[in-house]
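Numbers here simply count residues along the sequence, with the first being 1. Here the structure is a predicted model, which is why all the values come from computation and not from measurement.
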Amino acid sequence: LAPLSGLLRLSQVSDLFLTHGEDDYEPHIWADGRTLIFVRGRPGGGADLFISERGPGATDLWPEPRALDGVNTDADELGPALADGGSTLYFYSDRAGGLGGYDLWVTQREDDSWAQPVNLGPGINSAFNDYAPAASPDGSVLYFASNRPRPGETDAATGQWDATLREQRSRHDYDLFAAPLVDGAPGPAEALTVLNTPADEGCPAVSPFGDFLYFASDRPAPETAKPLSILIDLSPPGSRGRIRTRPSRPAAPPPAPRR
């Protein structure tokens, strides 16, 4: 779990995240900068969600993370995404009670605890792998990715899945989906066909103002072999928008070590 400038400082998190010998990843920080939820443990080995909440002061330290005991199971809990002022938590899991593979689940905060998670149901989930929930800031749309068959396809190989796009190529590729949220309840999901390709599209993230959708893809860049940054203009918020692509800038060289 890498420190984030202005929110997480190395001096504050080294004892919490860098010395216990476990894998910490998929951090999600709520907009107030005071609530951090992340995953601890490897997928397939009972990965769990952990939370750390600091005080309102700019110099307040992050306390020791605690497991979300009302949410975690012996299965995997992954991809935390807060919404609705931090009172709603979406995640994906292969726990019992799902439709197959990894499903999207939601839980509501109740004072200092979290309610029993609820499966988002067949309007969202499938018998395949559904993952990476991301709600728009205005709470009107839930984005996610899935490797379910497309219309006209009768089946899709699931293959081995390590809860990441970097997995066995024997399975169906991943596409982006969007579902409307009405009073927090999701409507039927639809594929974002304007964005999806025969390659993988996944890991959606919405900008703070809700006007851009970011996502990962291993699609080839048009007329170039350079990496591609893909921004989707969603303005007005919640619309399907238009695609803007641009070559990624090369990474800056690391600074020279101090003497």
Side-chain angles (χ1 to χ4, degrees), residues 28 30-31 37 49 71 77-110 114-154 156 172-197 200-217 230-243:
H28 182 99
W30 184 238
I37 296 184
L49 300 178
V71 175
E77 281 75 41
L78 301 159
L82 290 167
D84 299 330
S87 63
T88 299
L89 174 63
Y90 295 98
F91 63 97
Y92 62 101
S93 176
D94 58 350
R95 63 175 62 198
L99 278 67
Y102 284 82
D103 278 6
L104 302 189
W105 296 73
V106 64
T107 177
Q108 302 293 331
R109 187 156 198 168
E110 299 177 342
W114 296 86
Q116 181 70 25
V118 176
N119 187 285
L120 290 185
I124 300 293
N125 292 312
S126 69
F128 300 87
N129 292 319
D130 308 295
Y131 88 113
S136 61
D138 63 1
S140 65
V141 183
L142 180 67
Y143 298 95
F144 65 97
S146 176
N147 70 338
R148 67 189 64 182
R150 300 186 182 97
E153 296 177 343
T154 58
H172 191 279
D173 64 284
Y174 282 84
D175 287 333
L176 295 172
F177 288 78
L181 292 172
V182 180
D183 295 329
E190 295 183 5
L192 296 179
T193 55
V194 68
L195 307 181
N196 296 327
T197 69
D200 287 313
E201 285 77 38
C203 302
V206 188
S207 62
F209 291 102
D211 50 352
F212 285 92
L213 175 68
Y214 301 86
F215 63 96
S217 178
I230 304 172
L231 305 178
I232 310 305
D233 187 353
L234 297 177
S235 52
S239 66
R240 296 303 167 84
R242 59 186 184 275
I243 302 176

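In this structure a side-chain-to-backbone donor-acceptor pair under 3.5 Å is present from Asn119 to Gly121. Using a distance-only test at 3.5 Å, with no hydrogens or angles considered, a donor-acceptor pair links the side chain of His28 to the main chain of Leu82. Asn196 places a side-chain N or O within donor-acceptor distance of the main-chain N or O of Leu176, the cut-off being under 3.5 Å.
Residue Phe209 holds its CZ atom at 8.5 Å from OG of Ser207, rounded to the nearest 0.5 Å. Distance OH/Tyr131 to OG/Ser93: 16.0 Å, rounded to 0.5 Å. In this structure, the separation between CD on Glu190 and CZ on Phe177 is 10.0 Å, given to the nearest 0.5 Å.
With contacts defined as side-chain heavy-atom distances shorter than 4.5 Å, the pair Asp130/Tyr102 does not qualify. In this structure the side chain of Ser140 never reaches within 4.5 angstrom of the side chain of Pro180, judged on heavy atoms. By the 4.5 Å heavy-atom criterion applied to side chains, Gln116 and Thr107 are not counted as neighbours. You'll find the side chain of Leu192 reaches within 4.5 Å of the side chain of Leu213, heavy atoms only. Using a 4.5 Å cut-off on side-chain heavy atoms (C-beta onward), Leu49 and Phe91 make contact. The shortest side-chain heavy-atom distance between Leu99 and Pro122 falls under the 4.5 Å cut-off. In this structure the side chain of Leu181 never reaches within 4.5 angstrom of the side chain of Val141, judged on heavy atoms. Within the 4.5 Å cutoff, the side chain of Cys203 has no heavy atoms near those of the Phe215 side chain.
The salt bridge (charged side-chain N to carboxylate O under 4.0 Å, His left out) pairs that include a residue from residues 80-92 number zero, where partners must be two or more places apart or lie in different chains. Under the salt bridge (charged side-chain N to carboxylate O under 4.0 Å, His left out) criterion, the residue pairs touching residues 93-110 are Glu53-Arg109, Glu77-Arg95, with sequence neighbours excluded.
Shortest non-hydrogen contact noted between Pro133 and Ala81 is O-CB, 3.3 Å. Pairing each heavy atom of Thr197 with each of Arg150, the nearest pair is O-NH2, 3.1 Å. Here the closest heavy-atom approach between residue Pro186 and residue Ile124 is recorded as CB-CD1, 3.7 Å. Here the closest heavy-atom approach between residue Leu142 and residue Ala135 is recorded as CD1-N, 4.0 Å. Closest of all the heavy-atom pairs between Ala145 and Gly202 is CB-CA, 3.8 Å. What you find for Pro208 and Pro137 is that their closest heavy atoms are O-CG, 3.3 Å.
For the residue pair Asn147/Asp175, the side-chain donor-acceptor check at 3.5 Å is not satisfied.
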Original post:
Between Leu120 and Trp105, does a side chain to side chain contact (heavy atoms under 4.5 Å, CB included) hold up when you go through it step by step?
Top reply: CA-CA 5 Å; Leu120 290 185; Trp105 296 73; 5.9 Å; no

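The six-membered or imidazole ring of Tyr92 lies away from that of Phe144, with a centre-to-centre distance of 6.0 Å or more.
Legend: residues meeting ring pair (Phe, Tyr, Trp, His ring centres under 6.0 Å) with Tyr90, ordered by chain and number and at least two apart, are absent.
Ring-plane geometry between Phe212 and Tyr214 is classed as tilted, the angle between the planes lying from 30 to 60 degrees on a 0 to 90 degree scale.
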